[in-house]
Amino acid sequence: QKEVEQNSGPLSVPEGAIASLNCTYSDRGSQSFFWYRQYSGKSPELIMFIYSNGDKEDGRFTAQLNKASQYVSLLIRDSQPSDSATYLCAVGGFGNEKLTFGTGTRLTIIP
Amino acid sequence: GAVVSQHPSWVICKSGTSVKIECRSLDFQATTMFWYRQFPKQSLMLMATSNEGSKATYEQGVEKDKFLINHASLTLSTLTVTSAHPEDSSFYICSARVPSYPGKADTQYFGPGTRLTVL
């Protein structure tokens, strides 16, 4: 059974600092990795995806992938109170395979 | 990104009644949609995969006769909770699959969710 693990948190980070969210996955054949943000009472919102080893940057967000270690992370620079949410890591294989979601990490940015 | 809508956004019903939730892809065609359920402070739970023109695929433990899924067009999937009971009260969220790069998993975009309360 494919598994995606995340630390449930809560993770508290001061405003302006870098928040680092981590995710490990069990299926070595996984090809696609996604980060979603979910505010309380709302549905998940796609932040970014990454396919290749290394870093991918989008504004204040950087996704990092290390397939050898089966590890994917999300860095949020210059954290803002509006970044306070639960962050879901999702992992997939090819095409229309369903994604496997982690349980999410609750992030709180402290003003 | 792709836009997915859901209707209604919230519904309150009496025990024993049926409730239909619609999921629409607004600016793209979705051959596959997914239905999730999420209880308070818990993670997403995939209920079923909805495929246009064919039967839905249900996850283990999900009663297909209770949660009826119909994907009659490329932009609409419906979930009907039949004979709803208080334990069915939850946040139901659909997502639609947008084809991605060859050899990579398709991206899922989520609808805003429907909060169901069964009295």
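- Taking hydrophobic clusters as Ile, Leu, Val, Met, Phe, Trp and Tyr residues chained together by side-chain heavy-atom distances below 4.5 Å, B:Leu79 shares a cluster with B:Met45.
- Across every non-hydrogen atom of B:Phe91 and A:Lys42, the tightest pair is CE2-O, 3.6 Å.
- When every heavy atom of B:Asp106 is checked against every heavy atom of A:Phe34, the shortest pair comes out as O-CZ, 3.8 Å.
- Both the backbone and the side chain of A:Leu99 come within contact range of chain B, judged by heavy atoms closer than 4.5 Å.
- The number of heavy-atom neighbours closer than 6.0 Å to NZ of A:Lys67, taken from other residues, nucleotides and ligands shown, is above 12.
- Contact annotation for B:Gln38: only side-chain heavy atoms (C-beta onward) come within less than 4.5 Å of a heavy atom of chain A.
- Using a 4.5 Å cut-off between heavy atoms, A:Glu45 does not touch chain B at all.
- A:Ile47 and A:Tyr51 sit in two unconnected hydrophobic clusters of ILVMFWY residues. Membership requires side-chain heavy atoms under 4.5 Å apart, directly or through other members.
- Taking both residues in full, the closest heavy atoms of B:Gly111 and A:Ser43 are given as O-OG, 2.6 Å, listed atom of the first, atom of the second, then distance.
- Within a 6.0 Å radius of CD in A:Glu5, no more than 12 heavy atoms belonging to other residues, nucleotides or ligands are found.
- Under the 4.5 Å side-chain heavy-atom criterion for ILVMFWY residues, no single connected hydrophobic cluster contains both A:Leu74 and A:Leu46.
- In terms of hydrophobic clustering, with Ile, Leu, Val, Met, Phe, Trp and Tyr side chains grouped at heavy-atom distances under 4.5 Å, B:Val19 and B:Leu68 are assigned to different clusters.
- Contact of B:Thr107 with chain A is made through backbone and side chain together, with heavy-atom distances under 4.5 Å.
- Summarising the local packing, NZ of B:Lys64 is surrounded by 12 or fewer heavy atoms from other residues, nucleotides or ligands at distances under 6.0 Å.
- At most 12 non-hydrogen atoms from other residues, nucleotides or ligands lie less than 6.0 angstrom from CZ of A:Arg106.
- In this structure, CD on A:Gln38 lies 5.5 Å from CG on B:Leu44, to the nearest 0.5 angstrom.
- Contacts between A:Tyr36 and chain B at a heavy-atom distance below 4.5 Å involve the side chain alone, from C-beta outward.
- When every heavy atom of A:Pro44 is checked against every heavy atom of B:Phe110, the shortest pair comes out as O-CB, 3.4 Å.
- No side-chain donor-acceptor contact under 3.5 Å links A:Thr103 to the backbone of B:Ser43.
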